[in-house]
Amino acid sequence: MVSAAAVTSRVGFGVGFGARKGEEALHSQSLQQSVSLRRDFALQRIVATGSGKRMAGVVRAEALPSSQEVAESVPGAKAVTLEEAGTDSAKPVSSGNGPVSPKKGRNENIREEARRVCAGSGPTSFSAKYVPFAPGQETDEEYSLDEVIYRSKTGALLDVQHDMEALKKAGDGEYWRNLFDSRVGKTTWPYGSGVWSKKEWVLPEIDDDDIVSVFEGNSNLFWAERFGREVVDMTELWVKHCGISHTGSFKDLGMTVLVSQVNRLRRLGKPLLGVGCASTGDTSAALSAYCAAAGIPAIVFLPANKISIAQLVQPIANGALVLSMDTDFDGCMRLIREVTSELPIYLANSLNSLRLEGQKTAAIEILQQFDWEVPDWVIVPGGNLGNIYAFYKGFYMCKELGLVDRMPRLVCAQAANANPLYRAFKDGWENFKPIKALPTFASAIQIGDPVSIDRAIYALTQCDGIVEEATEQEIMDVCAQADATGMFTCPHTGVALVALQKLRERGVIGRNDRTVVVSTAHGLKFTQSKVEYHSSELADITSKFANPPISVADDFSSIMDVLRQKLALR
C-alpha cells in the first residue's frame, strides 16, 4: 500500500508523503496526465525534501494538487477531508516519518503538547502588518508587528492589516466557519481561547509558545426574554456578556493579544522593561492579570477616587505598580504617553491597535453563537471608542471572507456626561470637539477626548450606524429594571440598554429585530452604586425601582404581617 495523502488545495496545509514508494507513485504516468505541470512540479518539490522533513519555504496553496487528484492518480492513495486535515496550519511529522500522536502524553502539559505536535511545521502563509489608519487612501508606509510603534509618520493611528488574499486562498467561508467551530470548547493550546481559536485572523505569525492566555472569550450570549418582553417589547433581545471573563470585562480579549506580542518581543531581545497603561479600571485589571501570568512588570496610571474599589484592587492584587493620580483618565493618558516615549515601557492602551485584534473576536463569536446568522443590530457602549471599531472589523472580515453575506447595523451608546461622539453624530459628523467629561456611574467610559474617534466614525458611517446617549438617571433606572429580570448589569451595559429603549420608542429598532446588547463588564465590579440606588442614597437620583431590604422583628407574627402586605395575601 502506498502511503500517500494530500489536502485539498483550498485548505493550503502542508503535505507529507512516504519517501520511496510514494515518490514512484507520484511520478506515475497517470499523475502526469491528471495534474497540471505547475502542480506536478510543486508536488515533486515536496517529495524531494525526503524522509518526511518539511521544506524551509512556503508552498502556495494553488500550486498543490488537490486531494481528489492525488487519490485518483496514485494507486492506494486516499483523499483527505477538511476535518481530517486538523486544526493547525501544518500536519506534524515525526522523526520516523510517521504521524505524531495527537494525544497529550502522560508527563506533558498542553503547551508542551502543542510544541510537539507543531514540530517540523513549515511557516504559515498568513501574515499581518501595521499600516496607517487612512481608509480609502493609498500608502506605502507599513511596519512589522515586531516594531514598537503606535502612530504613523504623520501622527495617524495605526491599523493591523491582514493579508486577505492569503486568507481567501486558504479556504472559502465554509472552510473558516468549520475551522472556527471545530475549536470551540476544546482545551487544545491555544485554541481553547475564544480569541486564539481565530489565531489566523488575529496574530497569525506568533509562535504558540509565546501566547499568554487564560482561555478568555467564548462568553455567554443569552436571550434576555423577560426584559425584552416587559421593558422594551421585543422578541429577539440578546445580551453578549463579555464581562463573564477572567478579570470581569471585555478588556481581556485585547490584552491577551497585546501581552502575547510583548512576550514575543522580549524573547526576540527587545529591551522592554514592562507594559504600561492609563485606565479607568478594567484595562488595568486585564493588563495586570496577563502580565502577572507572563511574569512581565505592569505599570498602571489611575485617576484617584474615580474608579470602584473592586476595579482598584485587581491590579494591586496582581502585583502591578499602581500610580494613583489627581487627574481624570485623559490626564492619565497624556502622562503615560509621555512616559512611554522616554522609557522602554510598552503602551497598552487602545491607541495600540493590537488590542483591537482580540476585541474583534467577540463579533465573530456572536455570529458563531447564532449559527452564522447575522443579527439586525449590535449596541456597544463607547468611551475611548476602540471597541466599536473592533466590532466593525470582526463583522467586516466575516463578510469579506464569505462567512456571512451582510453586516449588522451598529449603535454606539455613550453616557450623556461623556458624549463627544454623540455630539458629532447629531452634528452630521461635520465637527468633532473633545469635551471635559463629567463624572458618570459608567466610569470606564468617562472619556472626553477618545483616542479612536476616527476609527469609530469610520465604522459607524460604513454600516449606517447610530449614536445614542444616556443620562445618569436613565442609566441607574434601567440597570435596576434589568437586574429585576435576572440580570446583574454594570452601568456601561445600562448605557447600551438606555440606547435600546430610546431606539425602540422611536421605532428605529423593530419589535422582532434580532438585537444584541454588548455587556462590557460584570456587575459585581459596581456594587456600591447599586447599594446606594436601592438605599435611595444617590445624590440627584430618584430611585424609582428601589428594592431595599425590610426590617422586621424576629417573630412569626411580624413576618406574616409583612408577607401578607407584600404578597397581597388575605
Side-chain angles (χ1 to χ4, degrees), residues 56 58 88-90 109-131 142-150 158-163 166 188-217 246 251-277 283 286-299 318 320 340 343-361 390:
V58 178
D88 207 348
S89 59
N109 60 44
I110 60 173
R111 193 188 288 271
E112 292 167 342
E113 174 197 14
R115 193 181 301 139
R116 170 177 59 83
V117 169
C118 290
S121 297
T124 179
S125 59
F126 307 126
S127 63
K129 60 188 176 183
Y130 291 127
V131 298
E142 61 182 53
Y143 305 93
S144 166
L145 297 188
D146 291 337
E147 293 190 49
V148 179
I149 186 169
Y150 311 111
L158 296 175
D159 197 25
V160 175
Q161 183 183 88
H162 290 264
D163 185 346
T188 305
W189 182 265
Y191 302 130
S193 160
V195 172
W196 296 108
S197 65
K198 286 85 176 171
K199 179 186 174 185
E200 296 84 355
W201 292 20
V202 177
L203 282 186
E205 296 173 279
I206 193 170
D207 191 288
D208 289 350
D209 216 34
D210 290 334
I211 290 173
V212 182
S213 172
V214 294
F215 282 12
E216 53 289 308
H246 182 58
K251 300 295 178 71
D252 293 347
L253 302 177
M255 209 57 73
T256 180
V257 177
L258 185 140
V259 175
S260 293
Q261 180 65 7
V262 172
N263 198 35
R264 168 183 166 85
L265 294 177
R266 284 164 62 96
R267 291 198 187 194
L268 291 175
K270 299 282 185 178
L272 294 174
L273 296 177
V275 190
C277 76
T283 299
L287 174 65
S288 303
Y290 283 88
C291 281
I296 299 172
I299 303 95
N318 285 137
T340 54
L343 296 176
I345 296 173
Y346 198 78
L347 182 62
N349 285 96
S350 58
L351 172 67
N352 190 316
S353 53
L354 283 177
R355 283 205 9 220
L356 306 186
E357 293 306 293
Q359 290 167 208
K360 77 184 181 189
T361 62

Show the nearest heavy-atom pair for residues Ser213 and Ser193, with the distance to one decimal. OG-CB, 3.5 Å
Could you tell me if the side chain of Asp207 sits less than 4.5 Å from the side chain of Arg267, heavy atoms only? no
With distance as the sole test, does Lys360 use its side chain to make a donor-acceptor pair with the main-chain N or O of Trp201 at under 3.5 Å? yes
Looking only at heavy atoms, which two atoms of Val212 and Ala293 are closest? And how far apart? CG1-CB, 4.1 Å
In terms of heavy-atom contacts, Ile296 and Gly274 come closest through CG2-CA, 4.2 Å
Could you measure the distance from the CD1 atom of Ile149 to the OH atom of Tyr143? Nearest 0.5 Å is fine. 4.0 Å
Please check this pair: side chain of Arg111 against backbone of Asp209, looking for a donor-acceptor N/O pair closer than 3.5 Å. yes
Side chains of Tyr346 and Leu265, heavy atoms from C-beta outward: is any pair under 4.5 Å? yes
Under a 4.5 Å cut-off applied to non-hydrogen side-chain atoms, are Leu203 and Ile211 in contact? no
Between Asn352 and Leu354, is there a donor-acceptor pair closer than 3.5 Å when you use the side chain of the first and the backbone of the second? yes
Is there a side chain to side chain contact (heavy atoms under 4.5 Å, CB included) between Ile206 and Lys199? Walk through the geometry before answering. CA-CA 9 Å; Ile206 193 170; Lys199 179 186 174 185; 3.9 Å; yes
For Ala348 and Leu258, the nearest pair of non-hydrogen atoms, with its separation, is CA-CD1, 3.6 Å
Side chains of Val262 and Tyr290, heavy atoms from C-beta outward: is any pair under 4.5 Å? no
What distance do Glu357 atom CD and Ser353 atom OG have between them, rounded to the nearest 0.5 Å? 7.0 Å
Is a side-chain donor or acceptor of Thr256 paired with a backbone partner of Asp252 at a separation under 3.5 angstrom? no
Side chain to side chain contact (heavy atoms under 4.5 Å, CB included) for Trp196 and Glu216? Distances and angles first, verdict last. CA-CA 9 Å; Trp196 296 108; Glu216 53 289 308; 3.8 Å; yes
Measure the NZ-CZ distance between Lys251 and Arg355 for me, rounded to the nearest 0.5 Å. 5.5 Å
What are the two closest heavy atoms between Cys277 and Thr283, and how far apart are they? SG-CG2, 3.9 Å
When rounded to the nearest 0.5 Å, the distance separating CG of Asp163 from NZ of Lys129 is 8.0 Å
Distance col, row Leu268:CG vs Asn263:CG, nearest 0.5 angstrom, shows 10.0 Å
Asp210-Gln261 side chain donor-acceptor pair, cut-off 3.5 Å: no
Under a 3.5 Å distance rule, please check whether Thr340 uses its side chain to pair with a backbone N or O of Ile345 as donor and acceptor. no
Would you mind reporting whether Tyr130 and Val160 have side-chain heavy atoms less than 4.5 Å apart? yes
Does the side chain of Leu273 reach to within under 4.5 Å of the side chain of Pro297, using non-hydrogen atoms? no
Thr188 and Ile110, any side-chain heavy atoms less than 4.5 Å apart: no
When you measure from the side chain of Asn318 to the backbone N and O of Ala292, does any donor-acceptor pair fall under 3.5 Å? no
Which heavy-atom pair separates Gln359 from Ala390 by the least distance, and what is that distance? CB-CB, 3.8 Å
Please test Glu200 against His162 for side chain to side chain contact (heavy atoms under 4.5 Å, CB included), starting from the C-alpha separation and ending with a verdict. CA-CA 9 Å; Glu200 296 84 355; His162 290 264; over 6 Å; no
Donor-acceptor pair, distance only, cut-off 3.5 Å: does the side chain of Asn349 make one with the backbone of Leu351? no
Whether Trp189 side chain and Glu113 backbone form a donor-acceptor pair below 3.5 Å: no
